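Notes to accompany the following structure.
Treat the numbers as computed from the prediction; the structure is a model and nothing was measured. Hydrogens, waters and symmetry mates play no part in the numbers below; they use all other heavy atoms, side chains included. Every number for a ligand or one of its atoms is a count from 1 in the order of the listing.
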Amino acid sequence: MASKFAAASLLLALVTSTYGNSTFITYQPAFKDIIGPSPKLELLLQNGSYPFAHEAPVYYQTKEDVFMVGNYQTKNGGQPIQISKMRAKNGVYVREEIFPDIPMANGAVNYKDGVLFAAQGTFDRPSALIYMDPEPPYATEVMLDSFNGRRFNSLNDVVIHSDGSIWFTDPTYGYDQGFTPKPDLPHQVYRFDPGTGSVRAVADGLGQPNGLAFSPDESILYVTDTDSHRGNGDNNPERAATIYAYDVKTYSNAPFLVNRRVFAYTDNGIPDGVKVDTNGNVYSGCGDGVHVWSPGGDLLGKIKLPSVSANFCFAEAGVMYILNEYKVWKATLSPDTHGALLGL
Ligand SMILES: *[C@@H]1O[C@H](CO)[C@@H](O)[C@H](O)[C@H]1NC(C)=O
Ligand SMILES: *[C@@H]1O[C@H](CO)[C@@H](O)[C@H](O)[C@H]1NC(C)=O
């Protein structure tokens, strides 16, 4: 007997291209426009002993370098988080460890000519926003290391608004993983204006605010909430694994976040890093690779990997570098797909 659900299950089955177990999976036809007719996945780097490819990835166009941050390994308690630079040398990708003074780095974003990191801090060093020169010796400068004198919990990720302001999240993963003091602030999102020095909370009521990204016209801020994974092994599927959207509205000449709504809930793992393309599609690193939603919140497709992707970055047209803990992948999508952060 013909099923009225046949069309839906057909779409679910469309696997576009494979590399081992890694594939492009199309849920809605619009995904084809994003990945183009011949999408490709290549494994660039791997390391069997250290998860060097966890967070940040920032594409530094001048040198075509990608900066990335490793994952904290509880079993080696006290081990600093490693920062690496990936460079293509004659078509061969190499990773070099670098040692800027950034205590327990996590997320990062292109800022001015360099990279702005969210440093989670330690028992001895405050969590902070730290600028890094992208050229050796990778000099650093602390931009903000407290909320008007009160220490942050453990800053996680950061984005820049075109008005020059810096927006960032402050969950409690540092404390949950045992390397920062007991939290002293709610789980919030903040905005810092480096021009005036004004720092303010812009969103609360989140479990573990994590990745964040503006829509291309900056009318919407997306914030991922990874509360279902607490970082101390307390994982619970009844808590958020959700991307929230807020409208960015101006009142009394200042920006406020209003109309918080569920933009998307992921079917696998937690939505960690989040980015948008120039058409407003929303990408997030989840338990089985990178998921892609339309601006209206429909799951369009997945760049499916065998395991978790916490974050990724767009580089040149159609090129995305995907961090997969012990591995780095290059996804080649349609040349018409451009990340909104750099617009390349
Ligand atoms: C594919 O996945 C299966 C099951 O998870 C695993 O045993 C196998 O090693 C994977 N193959 C590759 C090439 O990753
Ligand atoms: C794996 O990464 C660790 C930490 O960065 C490094 O010491 C080691 O040399 C790497 N192994 C290989 C085979 O690259």
Side-chain angles (χ1 to χ4, degrees), residues 19-22 41-60 63-110 114-125 127-128 130-140 154-157 173-174 176-180 229 231 233 272-273 285 287 289-290 305-313 315 319-331:
Y19 179 106
N21 290 347
S22 303
L41 265 171
E42 298 162 78
L43 181 60
L44 301 185
L45 288 177
Q46 58 183 327
N47 180 311
S49 60
Y50 179 65
F52 67 96
H54 176 56
E55 264 292 357
V58 169
Y59 179 62
Y60 173 48
K63 292 283 174 69
E64 299 182 20
D65 292 338
V66 178
F67 292 97
M68 63 190 73
V69 167
N71 202 350
Y72 183 66
Q73 293 178 293
T74 314
K75 63 181 190 306
N76 300 338
Q79 176 187 306
I81 288 173
Q82 180 65 54
I83 301 178
S84 306
K85 181 177 82 173
M86 179 180 76
R87 169 169 287 178
K89 266 190 187 156
N90 308 320
V92 178
Y93 288 84
V94 294
R95 176 173 76 97
E96 179 193 337
E97 298 174 14
I98 63 170
F99 301 93
D101 184 19
I102 302 174
M104 301 304 248
N106 193 67
V109 68
N110 299 84
V115 183
L116 184 63
F117 282 91
Q120 300 174 91
T122 65
F123 283 100
D124 305 322
R125 305 275 308 273
S127 184
I130 303 180
Y131 175 80
M132 183 192 80
D133 189 324
E135 302 284 348
Y138 311 107
T140 56
S154 47
L155 303 186
N156 192 278
D157 211 347
Y173 285 111
D176 297 338
Q177 294 184 298
F179 61 84
T180 62
H229 287 41
D272 197 324
V290 178
L305 302 177
S307 55
V308 65
S309 170
N311 217 334
F312 56 90
C313 63
V319 172
M320 178 190 274
Y321 294 110
I322 306 176
L323 305 188
N324 179 213
E325 299 295 315
Y326 297 88
K327 298 185 170 91
V328 174
W329 301 82
K330 178 183 183 180

| Name the one of Thr180, Val69, Ile81 that satisfies side chain to side chain contact (heavy atoms under 4.5 Å, CB included) with Met104? | Ile81
| request: Identify the heavy atoms of Gln120 and Leu155 that sit nearest to each other, and give their distance. | output: CG-O, 3.3 Å
| said: Whether the Tyr138 and Lys85 side chains hold a donor-acceptor pair (N or O, under 3.5 Å, no angle test) is what I'd like checked. | reply: yes
| note | Close residues (non-hydrogen atom under 4.0 angstrom from ligand 2) work out to Asn47, Ser49, Tyr50, Arg95, Glu97
| field | Distance-only donor-acceptor check, side chains Ser49 and Asn47, under 3.5 Å | value | yes
| said: Quick check for you: to the nearest 0.5 Å, what is the distance between Thr140 atom OG1 and Asp101 atom CG? | reply: 5.0 Å
| request: Quick one: closest heavy-atom pair of Phe52 and Tyr326, and the distance? | output: CE2-O, 3.3 Å
